[in-house]
Amino acid sequence: MPELDSTVKNVVNKTIDPMGISQIRVFAEKFAKISGLIKLTLGEPDFNVPEHVKMAAIESIKENDSHYSAQKGILGLREAISNYLNKQFEIQYDPETEIVVTIGATEAIYDSLAAIINPGDKVLIPTPTFALYIPIVKILGGIPVQINTTEDGFQLTGKKLAQVIEKEGADKVKALMLNFPGNPTGFVYSKNQLQEIVDVVKDKNMFVVSDEIYAELTYGRKHISLAKPLPGKTILINGLSKSHAMTGYRIGYIAAPKDFVTNAAKMHAFVVTAPSNPAQYAAKEALTNGIDDPIAMRKIYQERRDYIVDQLNDIGYPTLLPEGAFYTFSEIPAEFNLTAIEFANKLAEEGKVGVTPGVAFGEGGEGHFRMSYASSMDDIKEAMKRLRIFTENLKN
């Protein structure tokens, strides 16, 4: 095994070197080593990809679709994305010039921020939120500005947004990063709540990068995309990982005005060249003939959500009812005198239940923990039994 030569040990990107990997992954991998532990850590759907979608990928291989795709993705998929967004959310994008197919939503986030940020630019990030936004902004030379939304029920209000922009300097703020339905909170913005944000940013020299990967997973209300009230400034991120349980297929996309997509597509081409053909044909099938596939999954997720939220509150962990995604975000009682990391470690080691500490999602997550209910009901029920016993022991 080769060892790094001493002459190059200090030849390193000084932004990336001190960074750790995603704390979500850190705890998932750490807890996976604990024998008998029930993992409610990762946001990994426990459903299989629909059969007709798998067959489309297989057919692509049989048809020898083994050559480079168009860099922005096969036109048929971009057309399917355009039709899907129009049908589901009443937003319009030209498949030729306003859509880029990416390697998952993660690449879409990176490409979008790379097309915006210059060194020293500020990006506003309401927390708790998806863990990767902050390091990506730093890698690109930007300054992430975290906005703690806990006291407002995990909503970024227009009032708070305006205050932060004024404090940070409107000339320095270039983007707002939104994530809804929210990971880790399950928070869903209403039409009026979105309008608060629109009213603040519409006259500012800034974009809103809107990560809406959980758009198909809402309970009791239909998702409203920010791109509807704010089409000219919204960079829409979405994909197939959550809606069709296609996490391993790695298909996401950017939908935005043409001039923006031109630059985002450049970064996409520099980083990955083009997406995989079989995965793209599977995604095309999912968005053409499988628009209703998420309905059955959503029903099961809602049943799990209702059970787990009821149990968490009954055991003594205050938990708001999430209106989207497949996570609960619960408060750790102050009487335990434990940080989020201490609580998660203790629960894993003593209670044999794996959760993600809230601080993995930014400063606003301290004092909380996330549970994923993208697991079987049997596992969830057993996890709740263990959590109840663990909590009683902790109180005693």
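Nothing here was measured: the structure is a model prediction, and the numbers come from that model. Keep in mind that the numbers below use all heavy atoms, side chains included, and drop hydrogens, waters and symmetry copies.
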Hydrophobic clusters here meaning ILVMFWY residues chained together by side-chain heavy-atom distances under 4.5 Å, can you tell me if [X] and [Y] are in one?
X	Y	answer
I99	I251	yes
F47	L217	yes
M384	L320	no
L37	I308	no

For [Y] together with [X], are the ring centres under 6.0 Å from each other?
X	Y	result
F180	F187	no
Y84	Y93	no
Y301	Y219	no
F207	F260	yes

State the [atom1]-[atom2] distance between [X] and [Y], to the nearest 0.5 angstrom.
X	Y	atom1	atom2	result
I224	E90	CD1	CD	9.5 Å
T288	I81	OG1	CD1	10.0 Å
S375	L40	OG	CG	5.0 Å
Y133	T129	OH	OG1	4.5 Å

If every non-hydrogen atom of [X] is compared with every non-hydrogen atom of [Y], which pair is closest and at what distance?
X	Y	result
K72	E96	NZ-O, 2.8 Å
V209	S112	CG1-CB, 4.4 Å
D65	P278	O-CD, 4.3 Å
S69	I74	OG-N, 3.6 Å
N337	E342	O-OE1, 4.2 Å

* To do: Evaluate the side-chain hydrogen bond (donor to acceptor under 3.5 Å, both in side chains) criterion for residues S82 and E79: first the C-alpha distance (whole Å), next the side-chain angles of each, then the deciding distance (0.1 Å), finally the verdict.
  => CA-CA 5 Å; S82 177; E79 290 173 338; over 6 Å; no

So, [X] and [Y], do they make that salt bridge, N to O below 4.0 Å?
X	Y	answer
K172	E168	no
R388	E392	no
D94	R78	no
E323	R221	yes
D46	R304	yes

Other residues, nucleotides, ligands: >12 heavy atoms within 6.0 Å of [X] [atom1]:
X	atom1	value
K284	NZ	no
E166	CD	no
N10	CG	no

For this session: May I have the step-by-step check of ring-ring contact (aromatic ring centres under 6.0 Å, His included) for Y214 and Y327, ending in yes or no?
Result: CA-CA 11 Å; Y214 294 96; Y327 308 106; 5.7 Å; yes

Discussion item. Does T185 form a side-chain contact (heavy atoms from CB on, under 4.5 Å) with F361? I'd like the steps, not just the answer.
Written reply: CA-CA 10 Å; T185 65; F361 307 98; over 6 Å; no

From the list K242, H223, Q88, H244, side-chain hydrogen bond (donor to acceptor under 3.5 Å, both in side chains) with E216 holds only for Q88

Original post:
Can F329 and F369 be said to form a ring-ring contact (aromatic ring centres under 6.0 Å, His included), step by step?
Top reply: CA-CA 6 Å; F329 202 64; F369 64 94; 8.2 Å; no

query: Less than 4.5 Å apart, any side-chain heavy atom of E212 and any of N179?
result: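 A side-chain contact is absent here, since even the closest heavy-atom pair is not under 4.5 Å.
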
message: A side-chain contact here means heavy atoms from C-beta on lying under 4.5 Å apart; do Y249 and K54 qualify?
response: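 Heavy-atom side-chain distance check passes, below 4.5 Å.
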
_Show, in sequence, the C-alpha distance, side-chain angles and deciding distance for V101 and H268, and conclude whether the side-chain contact (heavy atoms from CB on, under 4.5 Å) test is met._
CA-CA 9 Å; V101 181; H268 165 72; over 6 Å; no

Check the pair D5 / T7 against side-chain hydrogen bond (donor to acceptor under 3.5 Å, both in side chains), numbers first and verdict last. CA-CA 5 Å; D5 193 290; T7 60; 2.7 Å; yes

- Message: Which label fits F336 and F343: parallel for a plane angle under 30°, tilted from 30 to 60°, or perpendicular past 60°?
- Response: parallel

